[in-house]
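Right, one structure below, let's go through it.
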Amino acid sequence: MAKDEAVVAEYGAVPSGLWSRIVKKLEVEGNTGNSNRDLDPVPPEQRVWNWWNYISYWISDNFTPSGWRKAASLMAIGMSWKVALVNVAISEVLIAAVITINGYVGAKYHISFTIQSRASFGYYFSILMISMRMIVGTFWYGISTYTGAECIRSMIYAMSPSFRNVPNALPKSANIDTQFMISYFVYFVSILPLHYVPIHRIRFLFTLKAIVTPIIGFGIMGWTIANASVGEQSLWSQGNTVHGSELGWVFMNGVYANMGGWATLAVNAPDFTRYAISPRHTYTMAIALPLTATLITFFGVVGAAGSKVLFGKILWDPLLFIDNWTSPGGRAAAFFCALGFYLAQACANISANSISAANDLNAMFPRFVNIRRGQFIIAFVGAWALTPWNILTSASAFLSFMSGYSVWLSPICGIMVSDFFFVHGQKYDVWELYNKNGIYRYNKWGTNWRSFVAFFLGWVPLFPGFLPTVNKSVSLPVGWRNLYYLGYFYGFGAAALSYWVLCYFWPAKETMLERGVYPDDELLVARDIEEEGGSLGDSSEKKSA
C-alpha cells in the first residue's frame, strides 16, 4: 500500500494498484528482474544451428549490394583489381579467425556477448561496451534499410517503368524524393514480420538466400562476360596507381577497413554461435566468410568492368547495373535479381544489426525488453528516428566514422578473447554471470579495473589517426596515420596483451575456477518453476537446487 501511495504522490491521483498492473503488463514473459528467457543460456531445444547454417549465414551477410561494391573503395585508393582481391582475401581470413575464436565461448556456454562481457569487464562496466555496440548496430540498421529500399525501387522499376517518372513532391532539403520514400516505406513494412521470428528458426531464410544469391551473382557475371569484352577495358587492365612503400601502407589501410567492417560481428559473435549444436559446427565460419567475401568482390569487379562497355559508365552498384535492363525480358530478369538482393539485404540487416542490437537492449532492460521487442525498437529508431537519408548526404565523413569504430571495438574483442582463453582458461561460472553481486562484479562499482586500463591502452594511441578520416582539416604526422592503418592489429593485440599482463600480476582470484560451470538443462527447467520468486538467485543456490 505504501508503494501505491508513493506512486500517487509522484504521478498524481492514480487508482490503487493501477500503475503496478500497467508495469506488470509491460514486463516480458519469463523475466526475473535481472534476466529473461532470451538472455538466459540457450536451452537444448533451441540449439539447432549446424555447420551448414553457419555457412549459409555468411553467404547471407556477404552476397549483398555492399559486398558487391567492396572492390570499388580499394581501387579508389590506388590498388589494381588483382591486389584488391588479395587484400579482401587476406583481411577476411584474419577477421574470420577472430570471429570464430571469439564465437567459441557462445557455442560452449550458450550465452550471448552481453553476458560474456561481464566476465571481462565487470557486471556494470560491461554496460558501456554493450551500449557502444548497440549504437553502432542501430546506425547500421538504418543504413542497411536505405540499401534495402534501393532493392525495392529496382523491383518497382522492373514491374512498372512509369515509376521512374513519378514526380517528386518533397522539397530538396528533405534529401529524399517521393520515389525513394515510397520504396523505403515498402521495404520497412515488408521486413517487420521477420523481426517476429525467433533467431533459432530464422535460419531457413539464410539457407534460401545461400541458394538464390550465388545463382544471381553468377548469372549477372555470365551475362556481362557474354555481352561485353571486359578483358580489353581500362578498369580490367588497370594497375596500381600507387607504388613502393606507399602501396604497402595503402594495402594495410584496406585490410584495416575490411576488418573494421566486421568489427561489430567479431565482438558479438556469441550472439549467434550460442545456438550451435556443438562448438565444432561453428568452425566452418573460418572458411565460409573469406571464400564468399572474395567471390562477391570478384563479381563486383567483373560487373564494373562490363558496365563501362555496356552502359558507358562504371557502375559498382549491382542495383544500378540491373536498372539498365529495360527490355521486357531484361526487366523480368532485373526484378528477380533485385528480389534476390532484397532477400540478401533483409537477412544481413537482421543477423548483423537487428538481433545484435536487440540483444544489447535486452541485457540493459531485461524486465521489459526481449529480443523480439528489442528488434522492433531498433527498427523504428534506426530506420526513422535517425533518418539515414539525411545521414548519407554527408556519406564520406559518416562512413569513415562508421568504419573507424573498430578503434573501440577491436580492444573490446581483444580483451574478451584474452580473458576467456588465457586468463580464465575457458572456465566460467555461467550462473555467476547473472548474479550482480557475484564473483564477476569485481568491486562495488561493478568494474574490472584491469579491463578498464587495457581498453584505454588499446584505443587511445589510435585516436589521433582516426581524426583526419572524419575531419580533413586535421593534419598529423605520417606516423600517426600509419599506426591507424594498423589499427585492428594494434587495438586487438595491445588490449589483449596488456589485459593478460595485468591479470597475471594482479589476478582477480575469486574468478579463477578449477572447472567451468555450464548451463545445466535441469536448472533451466527449475528456473522456469522459480519465476514467481523474481530472482535467479546466486549460483551456489542454483547449483545446489
Side-chain angles (χ1 to χ4, degrees), residues 57 60-70 133-157 163 168 170 174-197 199 202 205-206 209 213 261-262 264-265 268 271 317-320 322-323 337-361 371-399 401-403 405:
Y57 179 96
S60 172
D61 265 20
N62 275 311
F63 274 76
T64 61
S66 299
W68 190 282
R69 296 189 290 257
K70 189 166 289 186
R133 169 64 186 92
M134 184 195 69
I135 292 170
V136 170
T138 305
F139 269 106
W140 275 123
Y141 184 94
I143 301 303
S144 294
T145 300
Y146 190 95
T147 304
E150 292 180 305
C151 300
I152 293 292
R153 183 177 61 182
S154 293
M155 292 166 64
I156 299 176
Y157 281 166
F163 186 70
N168 179 35
L170 298 175
N175 295 317
I176 188 171
D177 59 30
T178 301
Q179 284 184 27
F180 203 83
M181 180 57 80
I182 293 171
S183 304
Y184 192 90
F185 180 78
V186 170
Y187 173 81
F188 178 79
V189 171
S190 68
I191 198 177
L192 281 181
L194 298 179
H195 296 321
Y196 195 80
V197 183
I199 186 173
I202 205 170
L205 269 180
F206 300 138
K209 190 215 163 182
T213 51
W262 297 114
T264 51
L265 281 170
N268 65 268
D271 286 353
D317 191 326
L319 297 169
L320 296 178
I322 63 176
D323 283 348
C337 287
L339 178 61
F341 282 121
Y342 161 83
L343 177 62
Q345 196 63 33
C347 289
N349 207 9
I350 290 172
S351 62
N353 302 315
S354 174
I355 289 175
S356 298
N359 263 317
D360 301 334
L361 268 180
I371 292 178
R372 181 177 289 165
R373 288 187 184 181
Q375 286 196 79
F376 285 111
I377 293 171
I378 296 301
F380 280 93
V381 173
W384 296 103
L386 297 181
T387 60
W389 52 88
N390 286 319
I391 293 173
L392 290 173
T393 57
S394 56
S396 177
F398 175 75
L399 294 178
F401 171 78
M402 295 299 284
S403 297
Y405 59 68

_Please determine whether side-chain contact (heavy atoms from CB on, under 4.5 Å) holds for the pair S144 and N353, giving the CA-CA distance in whole Å, both sets of side-chain angles, and the decisive distance to 0.1 Å._
CA-CA 9 Å; S144 294; N353 302 315; 3.4 Å; yes
*Kindly determine whether E150 and D317 satisfy side-chain contact (heavy atoms from CB on, under 4.5 Å), including the steps that lead there.*
CA-CA 10 Å; E150 292 180 305; D317 191 326; 4.1 Å; yes
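No side-chain heavy atom of L343 sits less than 4.5 Å from a side-chain heavy atom of T213. Contact of the T147 side chain with the T64 side chain is not registered, since no non-hydrogen atoms from C-beta on lie closer than 4.5 Å. Counting heavy atoms from C-beta outward, L319 and C151 have side chains that approach closer than 4.5 Å. You'll find the side chain of Y405 stays beyond 4.5 Å of the side chain of F139, heavy atoms only.
Taking the ring centroids of F380 and F188, they lie under the 6.0 Å cut-off.
Once rounded to the nearest 0.5 Å, the distance linking CG of L361 with OG of S356 reads 12.0 Å. Of the inter-residue distances, the one linking R153 atom CZ with F163 atom CZ reads 8.5 Å to the nearest 0.5 angstrom. The CD1 atom of I355 sits 9.0 Å away from the CG atom of D271 when rounded to the nearest 0.5 Å. With values rounded to the nearest 0.5 angstrom, F341 atom CZ is found 9.5 Å from S154 atom OG. Distance CG/N349 to CD/Q345: 6.5 Å, rounded to 0.5 Å. Separating the CD1 atom in I143 from the CH2 atom in W389 is a distance of 10.5 Å, to the nearest 0.5 Å.
Contacts of D177 classified as side-chain contact (heavy atoms from CB on, under 4.5 Å), with partners at least two apart in sequence or in another chain: N168, Q179, F180. Among residues two or more places apart in sequence or in another chain, the side-chain contact (heavy atoms from CB on, under 4.5 Å) test is passed with I202 by V197, I199, L205, F206, I350.
Relative orientation of the Y342 and Y187 rings is perpendicular, given thresholds of 30° and 60° on the angle between their planes.
Across M134 and A357, no two heavy atoms sit closer than the pair CG-O, 3.8 Å. Nearest heavy atoms, L386 versus G382: CB-O, 3.7 Å. Between R133 and A352, the shortest heavy-atom distance links the atoms NH2-O, 2.9 Å. Among all heavy-atom pairs drawn from A174 and N390, the shortest one is O-OD1, 3.5 Å. Minimum interatomic distance between S351 and L265 (heavy atoms only, all atoms of both residues): O-CD2, 4.5 Å. The shortest heavy-atom contact between G374 and A358 is C-CB, 3.6 Å.
At least one donor-acceptor pair under 3.5 Å links the side chain of Y184 to the backbone N or O of A383.
Looking at T178, I176, I152 one by one, the single match for side-chain contact (heavy atoms from CB on, under 4.5 Å) with S183 turns out to be I152.
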